[in-house]
Amino acid sequence: MKAAVIESVGRAVVTEVPDPAPGPREVVVEVAACGLCGTDLHILQGEFAPELPIVPGHEFAGEVVGVGSRVTEVAIGDQVAVDPSLYCHECRQCRNGHNNLCERWAAIGVTVPGGAAQYAVAPVANCVKLPEHVRTQDAALVEPLSCAVRGYDILQSRLGAHVLVYGSGTMGLMMLELAKRTGAASVDVVDLNPARLETARLLGVSGSAANADELDRPRGWDVVIDATGNAAAIQDGLERVAKAGTFLQFGVADYATRVTIDPYRIYNQEITITGSMAVLRSYERAAELFANGVLDPDVFISDRLPLDSYPQALEQFAAGVGRKIVVVP
């Protein structure tokens, strides 16, 4: 079969690899679409993946075309979205319910071959059947949506909060949509990319700007979400949190990224700084939200490129052009 392969640091190719075969409790999925994500860029840079080469792609959905000998939950022909998370269920973090922080953390498309291919293998437990009205080509959005749902689980948002989101790429827009649906009094978005900021306005924001100074919130925001991973954005966002407010580090920063905090202000104003890592008991809920129309795929997906264009798709994503980019085998 044809697959994208990150062969070495900075090098991605599309090549032929062996067809996958399912284990007893696994299925083979014919991939309908696979989304690109910042994690894929980190893998390309030599981070996250324990070793290269690797077939990337942790955001994918498709049709079940093969089942293992002990699979009864799905059948050939079912349309599924795939949770890429692979946990050991044995370490201290897993036993304490923090599976996303598993000490042996692994993921389809990160540590084992993923969905940037014609076919991918997944544990049946990771497959969520999709209703017939959902276009499988759009359901690659379920995985990033499940990360956003996890972020809002962390926030435990209260009604009437004023929310500021840094970044209006895919994840920032998803946080915008969830903020609107979790009772925010206002949702503002900051981004340096005019095209992406225009999409935020299309979805409906209280305010949007290239700099938070342009927004009318002199006492700060109750919730500030960084969806960029950019040091300058994070530093600015930390200074915009209102008293008793919360800063959520949601964007994936480079390992070397550093910012400065003001410990006295955190103490004196009871500011919470927290993070959200990947997916935790949120995938099924995201699939239901997606099926119920919480996102408009035609707004979120800006580019549908052939699998053969995977290296170029990575370059486009790294350049910040477009919104969600998916490759279609």
Side-chain angles (χ1 to χ4, degrees), residues 141 144-251 259 261-262 265-266 268-276 282 285-286 289-290 292-300 320 323-324:
L141 290 171
L145 180 58
S146 71
C147 294
V149 172
R150 168 60 181 163
Y152 268 88
D153 286 347
I154 289 286
L155 284 172
Q156 299 179 345
S157 294
R158 60 185 177 86
L159 292 173
H162 296 282
V163 179
L164 175 63
V165 180
Y166 282 77
S168 52
T170 300
M171 300 314 302
L173 295 176
M174 287 186 176
M175 298 305 266
L176 161 65
E177 291 290 65
L178 292 183
K180 293 191 307 185
R181 286 163 173 78
T182 51
S186 69
V187 189
D188 298 316
V189 175
V190 171
D191 200 314
L192 297 176
N193 186 318
R196 288 184 170 179
L197 207 55
E198 185 57 37
T199 305
R201 296 188 187 106
L202 173 67
L203 292 176
V205 293
S206 306
S208 58
N211 189 307
D213 286 336
E214 302 171 37
L215 301 170
D216 185 21
R217 190 64 55 189
R219 296 184 180 179
W221 284 261
D222 303 308
V223 175
V224 176
I225 301 168
D226 173 70
T228 70
N230 176 272
I234 296 167
Q235 188 70 68
D236 190 67
L238 285 167
E239 296 165 8
R240 306 286 181 176
V241 184
K243 291 182 178 181
T246 299
F247 179 89
L248 175 67
Q249 185 55 50
F250 186 70
V259 296
I261 63 171
D262 181 346
R265 178 169 169 261
I266 293 169
N268 182 255
Q269 299 183 9
E270 294 192 347
I271 290 171
T272 298
I273 300 175
T274 188
S276 175
S282 55
R285 286 180 289 150
L289 287 168
F290 185 77
N292 289 331
V294 70
L295 305 179
D296 182 349
D298 293 329
V299 172
F300 274 78
R323 296 176 298 281
K324 175 56 67 178

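Taken to the nearest 0.5 Å, the OH atom of Tyr152 stands 3.5 Å off from the CD1 atom of Ile225. Taking CD of Gln156 as the start and OG1 of Thr274 as the end, the distance is 9.5 Å to the nearest 0.5 Å. How far CG of Leu295 is from CG of Leu141: 6.5 Å, rounded to the nearest 0.5 Å. Note that the CD1 atom of Ile234 and the CZ atom of Phe250 stand 13.0 Å from one another [nearest 0.5 Å]. To the nearest 0.5 Å, atoms CG (Asp236) and CG (Leu164) are separated by 8.0 Å. One distance of note links CZ of Phe290 with CG of Leu145; it measures 8.0 Å at 0.5 Å rounding.
No side-chain donor-acceptor contact under 3.5 Å links Gln235 to the backbone of Gly237.
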Can you list, pair by pair, the side-chain donor-acceptor contacts under 3.5 Å of residues 173-185, counting residues two or more places apart and other chains?
unit_1	atom_1	unit_2	atom_2	d
Glu177	OE1	Lys180	NZ	2.7
Lys180	NZ	Leu203	O	2.5
Arg181	NH1	Glu177	O	3.2
Thr182	OG1	Leu178	O	2.8
Thr182	OG1	Ala179	O	3.3

Just list the side-chain donor-acceptor pairs under 3.5 Å for residues 188-197, sequence neighbours left out, or say none.
unit_1	atom_1	unit_2	atom_2	d
Asp188	OD1	Gly207	N	2.8
Asp188	OD2	Trp221	NE1	2.8
Asp191	OD1	Asn193	N	2.7
Asp191	OD2	Ser168	N	2.6
Asp191	OD2	Ser168	OG	2.8
Asn193	OD1	Ala195	N	3.1
Asn193	OD1	Arg196	N	3.2
Asn193	ND2	Gly320	O	3.1
Arg196	NE	Gly322	O	2.9
Arg196	NH2	Gly322	O	3.0

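Closest approach of Thr228 and Ala233 over heavy atoms only: OG1-CB, 3.4 Å. Of all heavy-atom pairs between Gly220 and Ala242, the closest is C-CB, 3.8 Å. When all heavy atoms of Pro144 and Met171 are compared, the pair lying nearest together is O-CE, 3.2 Å. Across all their heavy atoms, Thr170 and Phe300 have their closest contact at O-CE2, 3.8 Å. For the residue pair Ala227 and Gly167, the shortest heavy atom distance occurs at CB-O, 4.5 Å.
Applying the salt bridge (Lys or Arg N to Asp or Glu O under 4.0 Å) test to every pair with at least one member in residues 216-235, sequence neighbours left out, gives these pairs: Arg158-Asp222. For residues 145-157, every residue pair satisfying the salt bridge (Lys or Arg N to Asp or Glu O under 4.0 Å) rule, not counting sequence neighbours, is listed here: Asp153-Arg285. Residue pairs meeting the salt bridge (Lys or Arg N to Asp or Glu O under 4.0 Å) criterion with at least one member in residues 199-213, sequence neighbours excluded, are Glu198-Arg201, Asp213-Arg240.
Counting heavy atoms from C-beta outward, Val165 and Val205 have side chains that stay 4.5 Å or more apart.
With sequence neighbours excluded, the residues that form a side-chain contact (heavy atoms from CB on, under 4.5 Å) with Gln269 are Lys243, Arg265, Ile271.
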Exercise. Between Leu248 and Val223, is a side chain to side chain contact (heavy atoms under 4.5 Å, CB included) present by the stated rule, with each step listed?
Worked result: CA-CA 8 Å; Leu248 175 67; Val223 175; 5.6 Å; no
